[in-house]
Every structure is written in structure tokens, then in C-alpha cells.
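Only one structure is covered here, and it is reproduced in the block below.
Per chain, numbering begins at 1; letters A, B, ... match sequence-line order.
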Amino acid sequence: EAQVTQNPRYLITVTGKKLTVTCSQNMNHEYMSWYRQDPGLGLRQIYYSMNVEVTDKGDVPEGYKVSRKEKRNFPLILESPSPNQTSLYFCASSFGLAGGVLTDTQYFGPGTRLTVL
Amino acid sequence: AQKVTQAQTEISVVEKEDVTLDCVYETRDTTYYLFWYKQPPSGELVFLIRRNSFDEQNEISGRYSWNFQKSTSSFNFTITASQVVDSAVYFCALSGFTGGGNKLTFGTGTQLKVEL
């Protein structure tokens with residue numbers, strides 16, 4: 001079954017304790033991305049990756065890191081989480097851009113609800 | 001820059017009523033893509049439709065229909081004979097070159113509540 005998986009689905013942590021949210025896709029997609037969803041703000045992009053070893057900042061990258069060592073995996077790293085990073089996080093994947101535009105349907109993971117105390 | 005506006009924060013209807021969710025977008029691109037996603041109470045994002053800027057034909061899929069009008073920069077979504085299972089948050093999103101091309105720009109979502 002074609003899917004994007006995220007782990008953990010729920011996480012409660014404390015300020016400053018490093019954490020990693022994993023994301024994996026089995027569709028051989030080049031493009032992967034992380035979004036956060038906050039009430040009244042919709043979804044905002046944190047980081048994206050066009051392919052292995054190619055990553056770049058989105059609209060709200062502060063406090064986050066990513067890596068893309070394998071095509072299928074795109075972990076999101078919070079080195080020192082803070083309460084303002086409490087949010088619902090989504091990983092997404094698709095085939096690459098066409099003409100510099102994301103044209104393909106984005107497949108989203110089930111989401112990770114993170115609470116930072 | 002590009003922007004998506006979903007002015008309706010929350011809509012409540014009674015089952016079997018028709019309901020239209022509005023989506024207005026801003027972009028300077030001539031080529032762009034529009035999407036609708038559904039987020040049920042369980043939280044996942046479910047893809048509903050993708051439309052490119054050159055295809056202004058309306059789309060119907062069962063009880064769902066979409067009205068794309070470039071003249072008013074709108075891509076509205078109508079549910080006919082709504083059902084309780086339609087209760088969800090619905091997001092409209094846009095992808096275009098001037099938005100960076102590498103992301104979806106989402107609206108803030110419309111919460112639809114369908115009651116018996």
C-alpha cells in the first residue's frame with residue numbers, strides 16, 4: 001500500500017530535550033516536505049527536500065533541522081524544543097517539480113501531535 | 001507572493017442541506033495548481049482534487065463538485081446533500097512559481113459541521 005508514515009503519532013516532551021520525528025514514504029518520491037498546522041494559520045512549510053542530500057528552508061524553519069540521506073526517509077529534528085513548537089506536524093511527499101512548480105498531488109502522513117511543556 | 005483565503009471559519013448545516021465552501025486565491029502566475037484537502041476529526045489530510053489553471057471545467061465527483069473561475073480567482077467546493085460524515089476541516093491550497101514553487105500555500109481552513 002502506498003503510504004507516508006510518521007512516528008511517533010503523539011509526543012509530549014519538555015523544553016530543551018532533543019527529539020526526532022521520522023517520516024518515511026514507499027512511493028519512490030523525489031520530493032518530501034514538512035508542514036506544521038496551527039489553529040487559525042493553516043499549514044505552513046518548515047523544510048523541504050527535492051532529492052537525496054538536497055534540502056532547503058520553507059517559511060518557518062527556525063528551531064528545526066532535517067536531513068535526507070535516503071530517498072524514502074526525511075526526519076525532522078528539534079534540537080532544543082520550545083513551547084512555541086507545540087503543534088501538529090505533517091510530512092508530505094510527491095514526485096518532483098515540473099517547470100519549477102509543485103504540480104503533483106501531495107501525499108500526507110497521518111500527522112504527529114507534539115506538545116512541548 | 002501568493003495567498004489563499006478561506007473566509008468561512010466555520011459552517012454548520014443540517015444533514016441533506018447543500019453547502020458551499022469558498023476559496024479565493026491570489027497569484028501573479030499564469031500557470032498554477034489548486035487543491036482541496038479534507039481533514040476529518042481523526043486528523044489526517046485526505047486529498048480531494050487537483051486542478052491546473054488552464055482547466056476551467058467544473059468537476060463533479062458524486063456529491064462533491066468544484067467551481068473554478070479564473071475571472072474571480074475562486075475555486076469553490078460544494079457538497080450536495082451533506083452527511084454527518086462530511087464533518088471535517090476543509091483546506092484549499094495553491095502551488096505556483098512565485099510562491100517559491102516548492103510548496104503548497106494553504107488557506108486557514110473551513111470547519112464544516114453537519115448535524116442530524
Side-chain angles (χ1 to χ4, degrees), chain A residues 2-6 8-10 23 27 29-51 54-61 66 87-114, chain B residues 1-10 21 23-55 59 61 88-111:
Chain A
Q3 61 182 353
V4 179
T5 57
Q6 292 179 229
R9 295 288 312 280
Y10 303 90
C23 172
M27 294 169 278
H29 286 159
E30 294 87 10
Y31 175 93
M32 297 185 75
S33 181
W34 278 101
Y35 291 84
R36 60 177 288 173
Q37 181 182 355
D38 301 291
L41 296 177
L43 282 83
R44 295 175 293 166
Q45 189 186 57
I46 303 171
Y47 268 94
Y48 68 97
S49 170
M50 301 292 285
N51 215 322
V54 181
T55 64
D56 208 346
K57 297 176 181 178
D59 294 325
V60 289
V66 294
S87 187
L88 178 59
Y89 291 86
F90 286 99
C91 180
S93 75
S94 72
F95 292 110
L97 275 58
V101 178
L102 197 60
T103 64
D104 195 26
T105 299
Q106 293 289 290
Y107 293 86
F108 284 87
T112 295
R113 189 167 293 280
L114 172 66
Chain B
Q2 58 188 28
K3 184 179 179 182
V4 176
T5 300
Q6 294 180 258
Q8 303 152 310
T9 304
E10 186 173 320
L21 310 182
C23 173
V24 174
Y25 61 92
E26 296 175 29
T27 181
R28 293 176 298 194
D29 296 318
T30 55
T31 301
Y32 51 89
Y33 288 75
L34 294 161
F35 303 80
W36 275 94
Y37 283 86
K38 173 183 179 180
Q39 186 177 43
S42 51
E44 73 272 22
L45 286 164
V46 178
F47 166 76
L48 295 178
I49 190 171
R50 178 187 69 168
R51 178 53 53 89
N52 74 54
S53 54
F54 296 105
D55 183 2
E59 176 102 4
S61 176
V89 180
Y90 291 87
F91 289 99
C92 181
L94 166 68
S95 173
F97 188 79
T98 56
N102 50 46
K103 68 179 181 196
L104 295 179
T105 297
F106 282 85
T108 52
T110 297
Q111 169 88 58

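A:Leu41 touches chain B through its backbone: at least one of N, CA, C or O sits under 4.5 Å from a heavy atom, while the side chain does not. No part of A:Ser33 comes within reach of chain B, as not one of its non-hydrogen atoms sits under 4.5 angstrom from that chain. Of the atoms belonging to B:Leu104, heavy atoms from both backbone and side chain fall under 4.5 Å from chain A. The contact between A:Asp59 and chain B is made entirely by side chain atoms (from C-beta outward), counting heavy-atom distances below 4.5 Å.
Here the closest non-hydrogen pair linking B:Phe35 and A:Leu102 is CZ-O, 4.3 Å. B:Arg50 and A:Asp104 get closest at one heavy-atom pair: NH1-CA, 3.6 Å. Closest heavy-atom contact between B:Gln39 and A:Phe90: NE2-CZ, 3.4 Å. Shown here for B:Asn102 and A:Tyr48, the closest heavy-atom pair between the two residues is ND2-OH, 2.9 Å. Nearest heavy atom pair, residue B:Tyr33 against residue A:Thr103, reads CE1-CG2, 3.2 Å.
Taking the side chain as every heavy atom from C-beta outward, B:Asp29 and A:Val101 never approach each other to under 4.5 Å.
Here the OG1-CD distance, from B:Thr108 to A:Gln37, works out to 10.5 Å after rounding to the nearest 0.5 Å.
Remark: B:Arg28 CZ is loosely packed, at most 12 non-hydrogen atoms of other residues, nucleotides or ligands lying under 6.0 Å away. Atom OH of A:Tyr10 has 12 or fewer neighbouring heavy atoms from other residues, nucleotides or ligands inside a 6.0 Å radius.
A donor-acceptor pair is defined here as one N or O able to donate and one able to accept, closer than 3.5 Å; such a pair exists between the side chain of B:Tyr37 and the backbone of A:Gln106. No side-chain donor-acceptor contact under 3.5 Å links A:Tyr35 to the backbone of B:Lys103.
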